[in-house]
Amino acid sequence: MAPALARIAELAQAHDLAVLGTVRGQRALLPNGIKTLVLLGPDEPGFWNAFSASAEYLDTAAHPMDRWSQRNIDAMALELGARAIYPFDAHPPHPFYSWALASGRAWSSPVQFLVHDIAGLWVSFRGALGFAADIPDDMPGAPVGPCTDCARPCATACPVGALTPAGYDLPACHAFLNSADGQRCMTGGCAVRAACPVSQGFGRVQEQSSFHMRQFHP
Ligand code: B12
Ligand code: SF4
Ligand code: SF4
């Protein structure tokens, strides 16, 4: 019998992960044989302490967070009889962005990055669990997100205008990250993502943002 979502959430928490949403019954969007997809992301504020004490973080080999995710989410999949699916290592990539939208718990922000109801613009996915059964979800999401009633600080927060409603100018972002002023983004994380009031209530620690920026801009 398929586990209840509460059981999945409890096991996720034991692995320092949180259920960020579910996608149910959308055959055209989900991989073959999967009726419920459970999206998993960092459980804050404890995630960074757990990850930074892990063997993957400390062994200095490449892609520590992806390897951490694989170990933890593979273990969950085995215990729950699910299929583990990752945002990395698939060519073409699995459509996590579209799955997040379909969950009803995340929306496309004015700058196109996803904004999640709890994680805000800091949202990221460490993986997903696919189940062959339909698993009811008592947090199925909302038709409108937090952007509807917001003054949109994200739209103007990038100091060099690299990430705005007009799009993401990746070379301009990387060029700024090489400059002295850009070290603010390197240590504190992307200023656009940090400007969102929902992000600010999420409790993500600066060390995690800094880690991701070093992966994005070595
Ligand atoms: C390629 C990629 C990038 C590329 C291009 C992004 C793009 N144009 O999609 C680059 C290298 C620029 C990038 C950068 C980052 N990314 Co990225 N990226 C991906 C990745 C691996 C694949 C995207 C893809 O092609 N999917 C396949 C297509 C077919 O399916 P889809 O995703 O449903 O397609 C939708 C999106 O592409 C979306 N879309 C279209 N144009 C754009 C533009 C942007 C900027 C975004 C976000 C989405 C988007 O529309 C499509 C249809 O709905 C995804 C993980 C994944 N597997 O999806 C992460 C992902 C989208 N990225 C993510 C993150 C966290 C980042 C970074 C913030 C990393 C960091 N520093 O921590 C940076 C941004 C740097 C910053 N300023 O902070 C998160 C989402 C974050 C968010 N809030 O939206 C994801 C989901 C990864 C994860 N593990 O959670 N990324
Ligand atoms: S700052 Fe406001 S408009 Fe921008 S993503 Fe956050 S809630 Fe949406
Ligand atoms: S990381 Fe900094 S430069 Fe790059 S888009 Fe975000 S705010 Fe702009």
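Just follow the structure's listing: the first ligand is 1, and inside any ligand the first atom is 1. Position 1 is the first residue of the sequence, and the numbers go up from there.
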Which residue and heavy atom of the protein sit nearest [atom], plus the separation:
{"atom": "atom 7 (S) of ligand 3", "result": "Ala191 N, 3.3 Å"}
{"atom": "atom 3 (S) of ligand 3", "result": "Phe176 CD2, 3.5 Å"}
{"atom": "atom 4 (Fe) of ligand 3", "result": "Cys173 SG, 2.4 Å"}

Of [options], which has the heavy atom at the shortest distance from [atom]?
{"atom": "atom 81 (C) of ligand 1", "options": "Leu121, Leu114, Val123, Leu29", "answer": "Val123"}
{"atom": "atom 89 (N) of ligand 1", "options": "Phe125, Phe176, Phe96", "answer": "Phe125"}
{"atom": "atom 31 (P) of ligand 1", "options": "Tyr97, Tyr86, Phe211", "answer": "Tyr97"}
{"atom": "atom 52 (C) of ligand 1", "options": "Ala119, Ser98, Ala194", "answer": "Ser98"}
{"atom": "atom 68 (C) of ligand 1", "options": "His174, Arg193, His116", "answer": "Arg193"}
{"atom": "atom 8 (Fe) of ligand 3", "options": "Cys158, Gly189, Ala175", "answer": "Cys158"}
{"atom": "atom 76 (C) of ligand 1", "options": "Tyr168, Phe88, Trp99", "answer": "Tyr168"}
{"atom": "atom 43 (C) of ligand 1", "options": "Met213, His212, Gln112, Arg126", "answer": "Gln112"}

Kindly indicate whether the side chain of [X], heavy atoms from C-beta on, has any atom under 4.5 Å from the side chain of [Y].
{"X": "Gln70", "Y": "Phe88", "result": "yes"}
{"X": "Leu17", "Y": "Ile73", "result": "yes"}
{"X": "Pro93", "Y": "Pro87", "result": "no"}

#### Entry: Enumerated ligand 3 atoms positioned under 4.0 Å from heavy atoms of Leu163
5 (S)
### Task
Taking only heavy atoms of Met213 into account, list the atoms of ligand 3 that are under 4.0 Å away from them.
1 (S)
## Note on the structure
Listing protein N, O or S under 2.8 Å around atom 4 (Fe) of ligand 2 gives Cys154 SG
Heavy-atom distance from [atom] to the protein below 4.0 Å?
{"atom": "atom 60 (C) of ligand 1", "value": "no"}
{"atom": "atom 38 (C) of ligand 1", "value": "yes"}
{"atom": "atom 74 (C) of ligand 1", "value": "yes"}
{"atom": "atom 45 (C) of ligand 1", "value": "yes"}
{"atom": "atom 78 (O) of ligand 1", "value": "yes"}
{"atom": "atom 55 (C) of ligand 1", "value": "yes"}
{"atom": "atom 19 (C) of ligand 1", "value": "no"}
{"atom": "atom 83 (N) of ligand 1", "value": "yes"}

### Residues forming a side-chain hydrogen bond (donor to acceptor under 3.5 Å, both in side chains) with Arg193, sequence neighbours excluded
none
### Heavy-atom gap Arg193 to ligand 3 smaller than 4.0 Å
no
### Task
Decide whether the shortest distance between a heavy atom of Pro159 and an atom of ligand 3 is less than 4.0 Å.
yes
## Note on the structure
Under 4.0 Å between heavy atoms, the region of Leu170 that gets near ligand 1 turns out to be side chain
### Task
Verify salt bridge (charged side-chain N to carboxylate O under 4.0 Å, His left out) between Asp134 and Lys35, making sure each step is shown before the conclusion.
CA-CA 5 Å; Asp134 181 41; Lys35 279 198 181 144; over 6 Å; no
### Message
Need the ligand 2 atom indices (1-based, order shown) with element for anything under 4.0 Å from a heavy-atom of Pro197.
### Response
1 (S)
#### Entry: Passing option when Arg126 is tested against Asp66, Asp43, Asn72 for side-chain hydrogen bond (donor to acceptor under 3.5 Å, both in side chains)
Asp66
### Query
Is there an N/O/S atom in Cys185 at a distance below 2.8 Å from atom 2 (Fe) of ligand 3?
yes
